2 protein chains.
Amino acid sequence: MEMDERKMRILQAIIDDYILTGVPVGSRTISRKYETGLSSATIRNEMSDLEELGFLDQPHVSAGRIPSAKAYRLYVDTLLKTGTIPDDSRSSVGRYFAGRVHQMEDVIDHAAQVISSLTHYTAVVLSPKGSQPRIRTVQLVPVSAEMALVVIVTDQGVVRDSVIRVGSQMDSDTLYAISRTLTIELQGATLAEACDRIPEIARRINGNDQMLRELYGYLTEGQKSPRRSHVAVGGTSNMLAYPEYSDVDKARNFLSLMETRDKLADIIRGSGEMAFTVRIGPETGVPEMADCSIVTASYSTRDGQQGTIGVIGPTRMQYSRVLSILNIIGHQLTDMFSGGDEER
Amino acid sequence: MEMDERKMRILQAIIDDYILTGVPVGSRTISRKYETGLSSATIRNEMSDLEELGFLDQPHVSAGRIPSAKAYRLYVDTLLKTGTIPDDSRSSVGRYFAGRVHQMEDVIDHAAQVISSLTHYTAVVLSPKGSQPRIRTVQLVPVSAEMALVVIVTDQGVVRDSVIRVGSQMDSDTLYAISRTLTIELQGATLAEACDRIPEIARRINGNDQMLRELYGYLTEGQKSPRRSHVAVGGTSNMLAYPEYSDVDKARNFLSLMETRDKLADIIRGSGEMAFTVRIGPETGVPEMADCSIVTASYSTRDGQQGTIGVIGPTRMQYSRVLSILNIIGHQLTDMFSGGDEER
DNA sequence: GTTAGCACTCACGGGCATCGAGTGCTAACA
DNA sequence: TGTTAGCACTCGATGCCCGTGAGTGCTAAC
């Protein structure tokens with residue numbers, strides 16, 4: 001048996017209806033609500049075929065059919081292939097990131113908010129992650145008589161900072177001089193390399209032992225627990241609005257997964273760095289998400305780093321809408337992180 | 001009718017049992033499970049009195065009694081008065097903030113995790129908030145040819161940073177010189193004052209118009225949308241484990257409240273800055289939390305700023321345990337933020 | 001003041017009938 | 001040959017009834 005054009009149309013209608021209502025859809029519904037000039041009996045025959053082909057499931061004999069993961073897959077693939085992602089609605093939706101927003105983390109948090117409130121699903125945004133960052137500048141800023149703030153600017157714009165103790169009292173100028181030395185010595189090094197070089201530098205500039213020791217401690221520690229990328233989540237409560245999660249246990253599992261940010265980041269990032277990824281139900285590889293889908297898109301910064309934005313929703317997600325929203329927000333983030341700083 | 005010692009003991013037993021099981025407790029349960037040498041009939045009489053006094057509610061006539069908010073209030077008050085908060089268990093629980101943790105936000109996030117996993121309730125931690133921060137140091141760190149990172153260290157240790165555009169190319173030394181000038185000029189000023197002074201400074205040092213304009217823009221913006229305090233939440237999913245939230249709608253309301261951090265911060269902070277606060281059910285003043293209680297404690301930094309840690313749980317919360325945990329963690333945070341930096 | 005006894009209440013859960021949405025099949029029709 | 005009307009059948013959902021049991025309140029006896 002083959003898929004023909006009519007079967008395709010009917011499948012489409014079933015998917016549309018199920019996405020809308022979340023209730024198994026019967027043959028009558030299709031023959032009446034959608035413009036097929038066919039009777040329910042004919043639809044029934046076709047549905048029976050579609051079930052045999054693996055596109056439909058039947059929860060029990062006297063209920064309607066629901067689309068299988070395979071059906072969504074087909075649906076999404078044609079969606080992606082025909083490029084139905086409306087990019088131009090960008091203008092109509094407006095820009096969500098007006099004004100100057102300074103801290104990358106704020107932008108990311110905000111993006112998660114925006115995406116979740118637009119889609120009514122759960123949104124996850126990961127900060128960009130590139131290769132090993134390389135040091136550009138090291139600067140010590142006096143904080144109090146004995147404390148200094150270490151600011152390390154890397155080529156990824158990522159700033160790591162921490163307050164350390166500088167042993168003897170040092171004035172601003174001394175700190176600046178040391179900063180210059182450190183910058184020259186460490187420029188272009190990765191953080192790991194910097195770590196290795198510190199003892200040698202300490203030998204050359206003596207007298208600042210304590211400070212360098214603290215700096216060393218700070219860097220090694222940073223190595224051990226690498227600053228995982230920032231993960232922003234928005235709209236977790238949205239999921240509870242869908243009947244899929246009217247079971248409290250399921251909901252709890254889902255929520256606690258959303259809380260373990262590291263795991264969540266792995267799941268979201270799991271899809272490589274393609275422009276769009278759609279993983280449906282079992283494709284997610286996460287048991288807790290057996291009846292969820294994950295849609296991701298990527299954005300990039302001027303350094304060519306890739307960040308990820310994603311939406312988690314029930315398998316009967318409004319894929320088309322979600323893809324288009326992710327597309328828009330992805331572009332806006334890219335604009336912002338690449339144009340924003342240097343060209344504006 | 002008066003409360004006597006026996007009524008008190010019985011009420012105590014009822015509360016204990018209800019906290020444990022979450023099920024209305026009957027007279028037999030009390031007479032058997034607890035060491036009162038009284039028969040169920042006697043307990044029944046006493047319970048009837050306690051109900052009349054407003055300490056017990058009866059969901060329906062053939063069910064047991066449940067403690068009212070007033071009962072919890074009494075319970076907590078005696079708990080607080082008799083100082084049953086076991087402070088010494090501090091050692092047995094161990095220190096949760098071992099190792100050097102650098103960023104205040106990380107510490108706060110971590111604290112929320114720890115508290116929620118110890119209590120099995122939802123934890124909220126607010127970053128310290130004091131009076132207007134005053135500038136200590138301003139430093140410009142070169143990032144690229146045309147960009148610089150502004151680091152402003154305030155007396156609250158709070159560092160605000162942002163990348164701004166410095167017009168013409170400036171080398172590290174020039175930026176340092178400007179930084180020194182700015183530091184001298186702006187030291188001790190609040191951010192608002194700094195804002196006001198910039199134009200005047202710009203007039204004196206000419207040639208760096210663009211940079212100062214950017215700096216000005218950055219500061220005014222910071223004024224308009226004051227950086228609200230950091231709010232860390234942990235264990236929201238814990239709440240779903242309690243039968244109180246087996247109703248999905250209730251759960252969703254609760255969760256979406258947890259998501260609006262600003263509102264949440266207001267609620268948690270709503271209690272002033274007392275050492276301990278317990279608000280029970282209606283006392284929270286939040287309709288979504290009609291059957292929740294909020295317990296808060298405060299911690300402080302060396303600058304005398306107050307931060308808040310809090311636990312949100314069902315009214316039948318293990319108050320004693322929660323108070324003791326908050327006590328411990330509060331002390332640890334205080335130690336960390338006041339001793340940690342300067343004395344260690 | 002305490003307790004045993006007893007009638008009464010009422011949520012809960014199982015059993016049962018009903019309902020209705022939906023299916024599959026067959027036979028008739030174009 | 002494809003489409004449709006008709007019909008018997010399935011099975012979850014809904015609603016009702018009723019027995020059960022935990023728990024109460026009251027009374028009378030200790």
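Below, read A as the first sequence line, B as the second, and so on, with proteins coming before strands; counting in each chain starts at 1. Predicted model only: the values in this text are computed from it and were never measured.
- Here C:dG24 presents its C1' atom at 13 Å from CG of A:Asp49, a figure rounded to the nearest Å.
- Within the 4.5 Å cutoff, no side-chain heavy atoms of B:Val278 are placed close to those of B:Glu283.
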(Q) In dot-bracket form, 5' to 3', how is DNA chain D paired? Count Watson-Crick and G-U wobble pairs only if both distances fall under 3.5 Å, and write | where the partner sits on another strand. (A) ||||||||||||||||||||||||||||||
List, one per line, each side-chain donor-acceptor pair under 3.5 Å for residues 287-295 of chain B, sequence neighbours excluded.
from: B:Asp291; atom 1: OD2; to: B:Lys250; atom 2: NZ; distance (Å): 3.2
from: B:Ser293; atom 1: OG; to: B:Tyr319; atom 2: OH; distance (Å): 2.7

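- With respect to A:Asp266 and A:Lys263, no salt bridge is recorded, no charged nitrogen being found less than 4.0 Å from a carboxylate O.
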(Q) Counting primed atoms plus P, OP1 and OP2 as sugar-phosphate and everything else as base, spell out the protein contacts along nucleotides 4-23 of chain C at 4.0 Å heavy-atom distance: B, S or - for each nucleotide, 5' to 3'. (A) BB---BBS---------BSB
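- Of the residues in residues 8-20 of chain A, none lies under 4.0 Å from DNA chain C by heavy-atom distance.
- Of the residues listed (B:Ile15, B:Ile14, B:Leu56, B:Ile66), the one engaging B:Val25 in a side chain to side chain contact (heavy atoms under 4.5 Å, CB included) is B:Ile14, and it is the only one.
- For the pairing with A:Thr122, the side chain to side chain contact (heavy atoms under 4.5 Å, CB included) check across A:Leu240, A:Val311, A:Val233, A:Leu255 returns one residue only, A:Val233.
- As rounded to whole Å, 15 Å separates atom P of D:dG23 from atom CD of B:Glu51.
- Side-chain contact between B:Leu74 and B:Met3: present, with at least one pair of heavy atoms (C-beta onward) separated by less than 4.5 Å.
- Among residues two or more places apart in sequence or in another chain, the ring pair (Phe, Tyr, Trp, His ring centres under 6.0 Å) test is passed with A:Tyr18 by none.
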I'd like a list of close polar pairs between nucleotides 27-30 of chain D and the protein, N/O only, cut-off under 3.5 Å.
none

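- Checked against A:Ile115 for a side chain to side chain contact (heavy atoms under 4.5 Å, CB included), the options A:Val124, A:Ile328, A:Ile309, A:Val322 give a single hit: A:Ile309.
- For the pair A:Leu80 and A:Leu323, the minimum side-chain heavy-atom distance is below 4.5 Å.
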